[in-house]
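Report on the following structure.
Residue numbers begin at 1 in each chain, while the letters A, B, ... track the order of the sequences. The basis for the numbers below is simple: all heavy atoms, side chains too, and nothing from hydrogens, waters or symmetry mates.
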Amino acid sequence: MHGAAQARKYRLQGAGLDLALPYLMLAPGLTIVLGVLVYPLWDGLRASTKAYRYGSPVGDIGLQNYVRLWSDVQFLNSLWVTVKFVALSVSFEAVLGFALALFCLREFQGIRLLRTVLIIPMVVTPVVVAIVFRLIYASDAGMLTALSQAMGGGAVQILGNPVNAFVGLVVLDVWEWTPLMFLILLAGLQSLPHEPFEAARVDGAGAWRVFADLTFPMMRPVLAVAIVLRTIDAFGTFDQVFVLTRGGPGEATRLISIYGYDTAFKFQQTGYAAALFVTIGLVVLALAFSAIRLLRRVDAS
Amino acid sequence: MSSVLYKNVVKNFGALNVLRSLDLAVPDHKFLALLGPSGCGKTTALRVLAGLDMPTSGKVFIGERDVTRLQPRDRDIAMVFQSYALYPQMTVAENIGYPLWIRGTPEAGRKAKIGEVAAILEIGHLLDRRPRQLSGGQRQRVALARAIVRDPAAFLMDEPLSNLDARLRLTMRGEIKRLCQRLSATTIYVTHDQVEALTMADLVAVMHGGELQQMAPPIDIYDRPANRFVATFVGNPPMNILPAAPGEQGVMVGRNIVPLEQTRLAACRQAGIVEIGLRPEDCGVAQPGEPGALPGEIYVVEPMGNETLVNVCLEGGNVSVRAGRDFRGAVGESIGVAFDPANACFFNAAGLTAVHRVNSNGRDK
């Protein structure tokens, strides 16, 4: 007994402990990653190859779920809505964020306060943002309607009109996520060396040429990373739409995430929904990789 | 090419007084080195001339033109930065051609000019590369090429050699001097390295604490420093300074008399000198107790190969002496320091040089 305890003690000392220690320290984190990332991913992949009835798997159907996606008009439509939404939101966010970052690069009285205020939307919980925008958009008692009525107009239809609802969603996303672009781009701008800009001013460049010949080319890698990040994130937009419109009116704001949610939880087609999200995951992954490769090639040329 | 003139230029950064009323005139075609320790305001002076910083008050002229309120691009200058400041996304050719391109020079003329300056600086084979594919020395050459591609009114250089390694710095020092002589360009060259200033410049302006201390040709800066600061800042090892006072037959250094001819002694007396300055190379080692030599003991001996630096502890302080390469001596040994009083200069209580040395490198002053 005594000898065994001593042996165990020796085993966890010196060289033996040195070897084991890194793995022991990694174990908790690794367990969590395996549990909440790898296993669900694996389970989702498995689910995507099964047919479900009333929420329970009833048999393996191979890749049939994946094939079915491409003849599903609702899926294709929600994909198109998502692409439109992502493209519009991210472009506006990039342009606005870049402009704001350039503006906030200058030092003047109150600049710190301004920078802080500008990032507030980003830190508000998405659901809260959506509720606030509902209060603005609502056609009966919303802020826009109140404003319009105060100026003698009628009720403003945002969430009831397909085009307006979609635009309203884009506006919400731009409001909420421009700060992220702003933050990343401001950090990028601040990390650029000063001297080339001074050299350009001495060499004869005006403000626009300095931007076009130096700032933009030097910022391109940062801009690309920010856009890729935001694009991946925007593809997964869910809570705001869920609270604001639930995908309506009609299918006007039904993003892929909402359609997938409906498929899984409303129509209980778990396997089909899994196939849908795996597909979207692959599409986003491919997008990100090609963006990064494109960026590398541009940079190397 | 044009002359450059600073008129009462003051620059404050908040409460910090960086330039206190700078007056400086650089004649046309001259190479001026702005020399001083870090924080002396030399770089600020250059940036004010470039238009990158606005002076708090005062005026800056390039040629006859008052450029004080002009944008950098309207000043007709070219600048070389310490960090080279190349445009990272452009090729070497595009970097060099940028000042021409921005001014709308047609492509044919631009190409010819790029080729020409690239040939001068021997970087013709690098034209398609990007700055990050170049070594420090090559980047330096590209920065120089970009500066000389136009014919500006003046060249501004801000410590262009300080990012290079010691060997390369030596080579580029000569190259830049040759280049500037060839272009006969008005050049303002900021450096903290006295060797660069002395070897390259036609005129050296020594600055300290935001004030111009002295502007003169290099040899005069060295031989006839205007004050104690210039005397000790220029020269390596620096000039030896010992407390001194005018006496009956000569100047008293401690308890020793340094004999001086009557006119100089009278000048010393009149100025109320308090210190004597001696260059290490004007001192020699002597036997202890030798008449006229200051007695002391060896503090440290540093053989340099071509000579030996001997630091001697005297009554009024330590002095450096340049002895021959064969000098041998042990720490603590008694020794004498001999010198020709004609080579000594004397400072008054305000730190100004009251009496200069008699000989100035063979030239009588």
*Which class fits the ring pair A:Trp70 and A:Phe75: parallel under 30°, tilted 30 to 60°, perpendicular over 60°?*
perpendicular
*Ring geometry between A:Phe85 and A:Phe166 (parallel below 30°, tilted from 30 to 60°, perpendicular above 60°)*: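 Correct class here is perpendicular.
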Scan the side chains in residues 9-17 of chain B for donor-acceptor partners under 3.5 Å anywhere in the protein, sequence neighbours excluded, and list what turns up.
| from | atom 1 | to | atom 2 | distance (Å) |
| --- | --- | --- | --- | --- |
| B:Lys11 | NZ | B:Met54 | O | 2.7 |
| B:Asn12 | OD1 | B:Asn17 | ND2 | 2.3 |

Heavy-atom cut-off 4.5 Å, strictly under: side chain, backbone, both or neither for [X] against chain A?
| X | answer |
| --- | --- |
| B:Leu86 | backbone |
| B:Arg47 | side chain |
| B:Gln71 | side chain |

*What do you reckon, is CZ of B:Arg178 surrounded by more than 12 foreign heavy atoms closer than 6.0 Å?*
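Incorrect, the count does not exceed 12.
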_B:Asp165, CG: over 12 other non-hydrogen atoms inside 6.0 angstrom_ = yes
*What residues of residues 223-241 of chain A sit under 4.5 Å from chain B when only non-hydrogen atoms are counted?*
none
*Between the main-chain N or O of A:Val86 and the side-chain N or O of A:Ser89, is there a donor-acceptor pair closer than 3.5 Å?*
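Looks like no, no N/O pair under 3.5 Å.
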*asked:* Do B:Arg146 and B:Tyr87 form a cation-pi contact, if we require the NZ or CZ to be under 6.0 Å from the six-membered ring centre and within 45 degrees of the ring's axis?
replied: yes
